[in-house]
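Below: one structure, written as structure tokens.
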Amino acid sequence: MPVIVLEARDFTNPLFCVRTLSLLSGCVTFSLVASMESSELHHHHHHHGHANTSTSPQPHRLPTFKVSCMFTWCFFFVLTFLIHVLYVIQFHSLVPVSWKNLTVTVAALGALMCLSACVFFPWLVMDRQHISRSVAAAVFSCLTFLAYSSEAYVIRTQEQRGYMASAPGLLKVLQFWGGCQMIPLLWEGVYGASLGGNGGGVPHWWQLWLSGVSYNVCLLMSLGTLAVILGDCTARCPLRFDRVLAAFSVFGVLLYMVSTVICFSKVLEFRKPGHDFWNYTSKLVVMETVVASITLLAYTVDLAFSIKLLCDRSHA
């Protein structure tokens with residue numbers, strides 16, 4: 001049983017400070033958003049729904065991005081709180097996971113997810129006519145992102161760090177982040193297509209299905225990779241794990257290439273005369289294109305790392 005020995009320096013080291021800042025800013029952020037009335041959040045959503053229509057009223061859209069932002073802030077608050085408590089009471093050695101990989105994964109993924117919330121919330125959720133608590137929530141969300149980024153940086157500078165703190169490990173976090181961001185974007189795309197068919201710039205059903213299959217397959221591959229690494233199960237893998245990672249990278253590059261081409265084709269559709277390029281649906285397509293391009297780049301660079309590793313081992 002570990003012995004709890006707390007000293008003053010344990011409460012002043014940079015890792016303790018940035019984790020505490022992550023908890024405080026995250027708590028303030030979701031508390032502010034939870035206290036807002038629906039009129040402070042949903043009116044801006046309706047405004048963009050009317051941008052490309054005539055006089056007909058638009059159906060009520062789902063609060064997808066509000067739920068996504070709230071889930072991000074709450075989930076990482078709980079996860080960081082548990083990590084913080086286990087670290088303070090020195091019980092982290094009892095957790096059946098790779099602790100050094102877990103902490104940097106949570107910090108890096110928390111930074112990326114909070115960065116997405118910093119974009120989604122001001123652009124798609126909050127109403128700019130009620131900016132008092134909305135602006136405060138956006139500011140504290142940015143502080144949460146900076147705190148998680150600082151935590152990931154502090155962990156990376158430590159001498160004993162895991163695989164997830166290396167460049168290939170962070171690329172896998174970036175790949176998982178890209179798959180997570182596609183869930184609300186694709187959900188809104190499917191919901192918009194069910195309301196408006198494929199007219200008015202809404203994507204065709206085959207585009208949605210093909211993109212959805214690609215994103216979900218890559219997300220499952222990323223989730224499996226993280227589970228194996230965090231669970232310290234690489235040695236028990238029936239196949240050589242470096243070859244499995246290389247195969248996943250190849251599939252990721254191919255699938256995201258298809259999805260990125262579809263995204264750019266949808267962007268070109270919105271550039272045609274008669275389409276309002278800055279309506280709600282086109283904003284979703286632009287964000288999907290940006291996230292797909294970043295994730296494709298992450299898979300491509302990760303594939304280069306995997307090929308280099310395989311070549312080095314074959315020559316050894």
Side-chain angles (χ1 to χ4, degrees), residues 1-36 65-118 120-121 125 133 136-158 160-162 164-165 169-170 172-174 176-177 180-181 183-184 223 226-227 229-232:
M1 198 73 173
V3 179
I4 303 175
V5 180
L6 298 179
E7 300 178 1
R9 59 186 177 86
D10 294 326
F11 297 97
T12 56
N13 68 66
L15 192 57
F16 182 90
C17 294
V18 292
R19 278 186 184 150
T20 304
L21 179 59
S22 301
L23 289 173
L24 293 176
S25 56
C27 181
V28 172
T29 303
F30 69 72
S31 299
L32 284 171
V33 177
S35 66
M36 294 179 188
F65 292 102
K66 178 192 173 184
V67 174
S68 175
C69 293
M70 285 293 289
F71 175 80
T72 295
W73 296 320
C74 294
F75 177 76
F76 283 97
F77 172 82
V78 173
L79 206 54
T80 305
F81 178 77
L82 294 175
I83 289 175
H84 204 33
V85 170
L86 290 173
Y87 176 77
V88 168
I89 66 177
Q90 297 293 304
F91 270 42
H92 57 273
S93 59
L94 300 179
V95 180
V97 296
S98 174
W99 181 258
K100 55 187 178 182
N101 284 320
L102 175 65
T103 52
V104 71
T105 301
V106 172
L109 187 59
L112 291 171
M113 296 293 286
C114 289
L115 178 61
S116 301
C118 291
F120 289 157
F121 183 75
V125 179
R133 283 178 292 185
V139 170
F140 276 100
S141 180
C142 293
L143 288 177
T144 309
F145 157 69
L146 293 175
Y148 277 115
S149 301
S150 302
E151 181 183 348
Y153 175 77
V154 170
I155 295 175
R156 286 205 71 196
T157 57
Q158 294 178 348
Q160 294 183 349
R161 59 179 190 176
M164 296 304 296
L170 293 176
K172 288 169 178 59
V173 176
L174 185 59
F176 184 70
W177 165 82
C180 291
Q181 297 314 298
I183 295 175
L223 184 61
L226 292 181
I229 294 174
L230 296 181
D232 263 342

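Only a predicted model underlies this, so the values are computations on that prediction, with no experimental measurement involved. The figures here come from the full heavy-atom set of this structure, side chains too, leaving out hydrogens, waters and symmetry mates.
In terms of the side-chain hydrogen bond (donor to acceptor under 3.5 Å, both in side chains) criterion, residue partners of T20 (sequence neighbours excluded) are, by chain and number, H84. Residues passing the ring pair (Phe, Tyr, Trp, His ring centres under 6.0 Å) test with F145, sequence neighbours excluded: none. Under the side chain to side chain contact (heavy atoms under 4.5 Å, CB included) criterion, A117 pairs with C69, W73, S141, sequence neighbours left out. For F76, the ring pair (Phe, Tyr, Trp, His ring centres under 6.0 Å) criterion is met by no residue, not counting sequence neighbours. For F140, there are no ring pair (Phe, Tyr, Trp, His ring centres under 6.0 Å) partners, not counting sequence neighbours. Partners of Y153 under the ring pair (Phe, Tyr, Trp, His ring centres under 6.0 Å) rule, at least two apart in sequence or in another chain, do not exist in this structure.
Considering only heavy atoms from C-beta on, Q181 comes within 4.5 Å of F120 through its side chain. Taking 4.5 Å as the limit, some side-chain heavy atom of F75 sits within range of a side-chain heavy atom of L79. Inter-residue side-chain proximity for L143 and L21 is flagged as unmet; no heavy-atom pair is nearer than 4.5 Å. Considering only heavy atoms from C-beta on, R156 comes within 4.5 Å of L170 through its side chain.
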T72 and F30: CA distance, side-chain angles, deciding distance, side-chain contact (heavy atoms from CB on, under 4.5 Å) verdict: CA-CA 9 Å; T72 295; F30 69 72; over 6 Å; no
Stepwise side-chain contact (heavy atoms from CB on, under 4.5 Å) check, F16 with V88: CA-CA 9 Å; F16 182 90; V88 168; 3.7 Å; yes
Intermediate values then yes/no, side-chain contact (heavy atoms from CB on, under 4.5 Å), V33 and M70: CA-CA 8 Å; V33 177; M70 285 293 289; 3.6 Å; yes
Audit row: W99, L86, side-chain contact (heavy atoms from CB on, under 4.5 Å) steps and yes/no: CA-CA 10 Å; W99 181 258; L86 290 173; 4.0 Å; yes
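Here the closest heavy-atom approach between residue A137 and residue T29 is recorded as O-CG2, 3.6 Å. Of all the heavy atoms in F65 and P184, the pair that sits closest is CE2-CB, 3.9 Å. For the pair S25 and T144, the tightest heavy-atom approach, listed with the atom from each and the gap, is OG-OG1, 3.0 Å. In this structure, V154 and T157 approach most closely via the heavy-atom pair O-OG1, 2.6 Å. In terms of heavy-atom proximity, V106 sits nearest to Y148 at O-CD2, 4.4 Å.
Between the side chain of T80 and the main chain of F77, no donor-acceptor pair closer than 3.5 Å is present.
Counting only residues at least two apart or in different chains, salt bridge (Lys or Arg N to Asp or Glu O under 4.0 Å) contacts with residues 72-98 are absent. Here side chain to side chain donor-acceptor pair (under 3.5 Å) pairs that include residues 100-109, with residues two or more places apart or in two chains, are S98-N101. Residue pairs meeting the salt bridge (Lys or Arg N to Asp or Glu O under 4.0 Å) criterion with at least one partner in residues 89-99, sequence neighbours excluded, do not occur; the list is empty. Pairs engaging residues 68-87 under the salt bridge (Lys or Arg N to Asp or Glu O under 4.0 Å) rule: none recorded [sequence neighbours left out]. Evaluation of the salt bridge (Lys or Arg N to Asp or Glu O under 4.0 Å) test over residues 15-29, restricted to residues two or more places apart or in two chains, returns R19-E151.
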Identify all side-chain donor-acceptor contacts of residues 107-114 below 3.5 Å with residues at least two apart in sequence or on another chain.
none

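Distance check: C27 SG to L23 CG gives 8.5 Å after rounding to the nearest 0.5 Å.
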